[in-house]
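Below is one structure; the comments refer to it alone.
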Number of protein chains: 2
Amino acid sequence: MAAVGIKTGMKIGVLAGRSGLPVKTLRYYEDLGLLPAIGRSEGGYRLFAEESLRRLEFIRRLKTLGLSLEEIQGCLTVHDAGDLPCTDIQIQLERQIGRIDAQIEELGQLRQELQGLLAGWQSDPAKERDVICPNLRV
Amino acid sequence: MAAVGIKTGMKIGVLAGRSGLPVKTLRYYEDLGLLPAIGRSEGGYRLFAEESLRRLEFIRRLKTLGLSLEEIQGCLTVHDAGDLPCTDIQIQLERQIGRIDAQIEELGQLRQELQGLLAGWQSDPAKERDVICPNLRV
DNA sequence: GTATGGTCTCCACAGGGGTGGAGAGTCACT
DNA sequence: AGTGACTCTCCACCCCTGTGGAGACCATAC
């Protein structure tokens, strides 16, 4: 009969201090559904479980790996359903490698083009009619 | 004595058709000062010179090379002052190569990290206490 | 009782390059 | 005179991940 319905938990400032994230960011994450609070205090303050710290670590890690909050939320949803999110995370990370490869490819081509242009660059060309930059011929 | 003060020019729709850019974009460029109109018609319509087409080509080219509109505007300001913008463009393009190199470097490191994680990925690991994804150990 | 600090909600802004729509005015053709 | 196409201005919204502030409430210490 004791302690029934009693919600204990950190207030947002404590979680901010322990996680190193700004209070604003935690509210933002909560709004997005990334970081559910276990409830509210009588005064209306958000209360977070200890587990939130783990969750924030997870979020931070996946963020540094370049996943969007939406993608991270997808993984967390799997976790919250009681399943291991490993497979989903693997898929996301593979997708992320794909995006990175595409970006690197694109950047490499652009770099090539820029290098080519600068290789033949004339620092003081004659002015040309109908062209703003004779080097670019445009 | 003939044709004094008469402003001739394309209306924005014509320029849009000939340049291939949407009317909205041309207005946006004009607002930014990238694409000055030679004036307004009696009815208040923007009028553009033939030269605007060249200017838009120039803008488009530098955009494909990855310069921001602000950087492009810097080059155009030099041009409008009557100077050749080649040197400024060269500087911008070199800076752009620098940015690209930094990005590629960063992406490469991230890719490395992702590859490393996925290399040892276990598709069906045992659940671990205090960890959302055992593979990431977070 | 009151000062201080934590927290609440709601709204706005940042960056960069536009895009969409409303409502009104203009132009050309019939 | 009317119709339709074109243009004007002004405001809002898109992407994404937050951040800043105003005004009000809550909690704790003195």
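Every chain is numbered from 1, with letters handed out A, B, ... down the list of sequences.
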Atom CD in B/Q90, atom SG in A/C133: separation rounded to 0.5 Å?
9.5 Å
Check B/R61 with A/E113, please: is the shortest side-chain N to carboxylate O separation under 4.0 Å?
yes
Shorter than 3.5 Å, N or O on both sides, protein versus nucleotides 23-26 of chain D: list them out with atom names.
residue, atom, partner, partner atom, Å
D/dC26, O4', A/Y45, OH, 3.4
D/dC26, O2, A/Y45, OH, 3.3

Please check: side-chain N/O of A/N135 versus main-chain N/O of A/Q122, any donor-acceptor pairing under 3.5 Å?
yes
Is the backbone N or O of B/L32 less than 3.5 Å from a side-chain atom of B/Q73, with the two atoms forming a donor-acceptor pair by type?
yes
End-to-end axis angle, where each axis spans five pairs of the helix from C/dG1-D/dC30 to C/dT30-D/dA1, to 10°:
40°
Measure from the side-chain N and O atoms of B/R55 to the backbone N and O of B/L34, and report whether any donor-acceptor pair falls under 3.5 Å.
yes
Flag if over 12 foreign heavy atoms under 6.0 Å of CZ, A/R54
yes
Rounded to whole angstrom units, what separation is found between the CZ atom of B/R46 and the P atom of C/dC27?
15 Å
Would you indicate whether A/E106, at its atom CD, is surrounded by more than 12 heavy atoms from other residues, nucleotides or ligands within a distance under 6.0 Å?
no
Contacts to DNA chain C from residues 55-70 of chain B, heavy-atom cutoff under 4.0 Å, which residues?
B/K63, B/S68, B/L69
Rounded distance [0.5 Å steps], NZ in A/K63 versus CG in A/L65:
11.0 Å
Quick one: do A/R18 and A/E50 make a salt bridge, cutoff under 4.0 Å?
yes
List in chain and number order the residues that pass side chain to side chain donor-acceptor pair (under 3.5 Å) with B/Q103, two or more places apart in sequence or in another chain; answer none if no residue qualifies.
none
Any donor-acceptor pair under 3.5 Å linking the side chain of B/S19 with the backbone of B/L15?
yes
Quick one, which residues of residues 92-110 of chain B touch DNA chain C with a heavy atom under 4.0 Å?
none
Go through residues 10-37 of chain A and report each residue with a non-hydrogen atom lying under 4.0 Å from DNA chain D, sorted by number.
A/P22, A/K24, A/T25, A/Y28, A/Y29
As a quick check of understanding, evaluate side chain to side chain contact (heavy atoms under 4.5 Å, CB included) for B/L117 and B/L136, giving each step before the final call.
CA-CA 8 Å; B/L117 286 168; B/L136 291 175; 3.9 Å; yes
For A/R60 and A/E57, what are the C-alpha separation, side-chain angles and deciding distance, and is it a salt bridge (charged side-chain N to carboxylate O under 4.0 Å, His left out)?
CA-CA 5 Å; A/R60 178 153 51 192; A/E57 270 312 302; 2.4 Å; yes
Using a 3.5 Å distance criterion without hydrogens, assess whether the side chain of B/E71 forms a donor-acceptor pair with backbone atoms of B/S68.
yes
Under a plain distance cut-off of 3.5 Å, with no hydrogens placed, do A/E105 and A/Q109 share a side-chain donor-acceptor pair?
yes
